[in-house]
Amino acid sequence: MNGWRRLFTLFEDGRAEQGFLRWRGEVLAMHYFLCSSFFVLHIGSTTVRAFQSPVVGEAMFTNTPRYLVLVRSVVGMLAWASALTSVLLSGCQVRWGFMGQRTFELFAAVVVPFSEILVLLSNPWVLCSFAGADPAQFVSSAEVVDRDWHTIIMLHVILVAAHSPTSARLVMLLPTQVVAVGAFAVIIARANPEPDAMAYKVFMLFTIVLLSFLSKRMSESRERTVFLGVVAERNMRCQAEFQLEQARSERSSRSPPDAATVV
C-alpha cells in the first residue's frame with residue numbers, strides 16, 4: 001500500500017489528501033470545462049466533415065449499406081452527448097460547486113477513457129470492421145493513412161489534456177492510461193490494414209503515456225509540496241494569533257483595577 005502511495009504521490013493521512021483535493025477543486029473544474037469546450041468545437045467540425053466521407057455522404061445516394069451510416073451516427077451522438085455533458089457538469093461545478101470533489105474527479109476518470117474509445121471508433125476503417133463491412137470497399141487508402149494518424153494525434157491531445165498540472169490527481173488517471181494503450185492495441189489491431197506498423201504505433205503511444213505519467217507525477221509532487229507549505233503557514237498563523245490572544249487575556253487579568261471601578 002505504501003508503494004502505491006509513493007508511486008502516485010498520495011498523502012499517508014486521508015484528511016491531508018481530502019484537503020489537497022478541496023484546495024485545487026476550482027482549478028480542476030475550470031480545466032475540464034475548457035477542455036470539454038474545445039472538444040465540442042472539434043466534434044462539431046468533425047461532424048461537418050463526416051458527411052463528405054464515403055461512409056456517410058455517398059451512403060445517402062448509392063447502395064452503400066445504411067447500417068454503416070447508423071453505426072457512425074451512434075458513435076457521433078455518443079461523442080456529442082459525452083462532450084456536452086462534460087461542458088454542462090464542469091460549468092455548473094465552476095459556477096456553483098454542486099458536486100463533491102471526489103465525485104467530480106470520478107466523473108472525469110470515467111468520461112476521459114470513454115472519449116478515447118470514441119476517438120478510436122471514429123476511425124472509418126475501424127468503424128467498417130466492427131460493423132461487419134469490408135473497409136477496403138468504402139474507405140480509400142489515402143483516407144486510411146489520414147484517419148490513422150488523426151486518431152493517434154487525437155489520443156495524444158486527450159492524454160496531454162488529462163495529464164496537465166491542473167487536471168485530476170495522478171491516481172485518477174490510471175484508467176485513462178490503461179485505455180489509451182490497451183484499447184488502441186485491441187481495437188486498431190483488429191482492423192488495422194497495416195499490421196507491420198502496428199507494433200511501432202503501440203510503442204509510440206506507450207512512450208507518450210509513460211512520459212505524460214512521469215511529467216504529471218513530477219508536477220503533482222511539487223504541487224503537494226506547495227500545499228504542505230501553505231498548510232504549515234496557516235497553522236503557524238493560527239498558533240501565533242492564538243498565543244497573541246492568550247497573552248492579551250493574561251495581561252488584562254493581571255492589570256490593576258480601574259479607579260472608577262474601585263469607587
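Start at 1 with the first residue, then count along the sequence. Since we're looking at a predicted model, the values are computed, not measured.
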Using 0.5 Å steps for rounding, measure from the NZ atom of K201 to the CG atom of L155. 12.0 Å
Show the numbers, then the answer: is there a side chain to side chain contact (heavy atoms under 4.5 Å, CB included) between F38 and V157? CA-CA 11 Å; F38 163 77; V157 170; 4.1 Å; yes
Examine L7 and L210 and state if one hydrophobic cluster contains both, with Ile, Leu, Val, Met, Phe, Trp and Tyr joined whenever side-chain heavy atoms are less than 4.5 Å apart. yes
Do V110 and V75 sit in one hydrophobic cluster, given that two such residues count as connected whenever their side-chain heavy atoms are within less than 4.5 Å of each other, even indirectly? no
For T9, does its backbone N or O pair with a side-chain atom of R217 as donor and acceptor, under 3.5 Å? no
Counting only heavy atoms from other residues, nucleotides and ligands, does the tally under 6.0 Å from CZ of F203 exceed 12? no
How long is the straight-line distance from OG of S221 back to CE of M218, given to the nearest 0.5 Å? 8.5 Å
Can you tell me how far apart CD (E220) and OG1 (T225) are? Round to the nearest 0.5 Å. 10.5 Å
Donor-acceptor pair, side chain of S215 and main chain of S212, under 3.5 angstrom: no
Indicate, with yes or no, if V178 and F213 share a hydrophobic cluster defined by side-chain heavy-atom contacts under 4.5 Å among Ile, Leu, Val, Met, Phe, Trp and Tyr. yes
Side chains of residues 111-121: which donor-acceptor partners sit under 3.5 Å, not counting sequence neighbours?
| unit_1 | atom_1 | unit_2 | atom_2 | d |
| --- | --- | --- | --- | --- |
| S115 | OG | V111 | O | 2.8 |
| E116 | OE1 | A180 | N | 3.4 |

Ignoring hydrogens and geometry, is there a side-chain-to-backbone donor-acceptor pair from H163 to L159 under 3.5 Å? yes
Note: S167 and L173 closest approach over all heavy atoms is OG-CD1, 4.3 Å
Check this for me, if you would: do E233 and R237 make a salt bridge, where the nitrogen-to-carboxylate-oxygen distance has to be below 4.0 angstrom? yes
Same cluster or not: are L174 and M172 linked, directly or through other Ile, Leu, Val, Met, Phe, Trp or Tyr residues, by side-chain heavy atoms under 4.5 angstrom apart? yes
Run the salt-bridge test on R224 and E17 with the 4.0 Å N-O cut-off and return the result as yes or no. yes
Does F33 offer a backbone N or O that forms a donor-acceptor pair with the side chain of S36 under 3.5 Å? no
Minimum heavy-atom separation for I43 and A79, please, with both atom names. CD1-O, 3.4 Å
Please tell me whether L205 and V179 are part of a single hydrophobic cluster in this structure, the criterion being side-chain heavy atoms less than 4.5 Å apart. yes
Above 12 or not: heavy atoms from other molecules or residues under 6.0 Å from CZ of F11? yes
If we ignore hydrogens and angles and just use 3.5 Å, is the side chain of H31 paired with the main-chain N or O of P165 as donor and acceptor? no
Can I get a per-line list of side-chain donor-acceptor pairs under 3.5 Å for residues 85-107, giving both atom names and the distance, sequence neighbours left out?
| unit_1 | atom_1 | unit_2 | atom_2 | d |
| --- | --- | --- | --- | --- |
| T85 | OG1 | A81 | O | 2.6 |
| S86 | OG | S82 | O | 2.8 |
| S90 | OG | S86 | O | 2.5 |
| S90 | OG | V87 | O | 3.3 |
| Q93 | OE1 | M99 | N | 3.0 |
| Q93 | NE2 | M99 | O | 3.0 |
| R102 | NE | Q18 | OE1 | 2.8 |
| R102 | NH2 | Q18 | OE1 | 3.3 |
| E105 | OE1 | R169 | NE | 3.0 |
| E105 | OE1 | R169 | NH2 | 2.8 |
| E105 | OE2 | R169 | N | 2.9 |
| E105 | OE2 | R169 | NE | 3.1 |

For K216 versus S164, what's the shortest heavy-atom pair and its separation? NZ-O, 3.1 Å
Between F206 and V181, which heavy-atom pair has the shortest distance, and what is it? CA-CG2, 4.0 Å
Note, F227 side chain near R24 side chain (heavy atom, < 4.5 Å): no
Taking the six-membered ring for Trp, are F39 and H42 parallel (under 30°), tilted (30 to 60°) or perpendicular (over 60°)? perpendicular
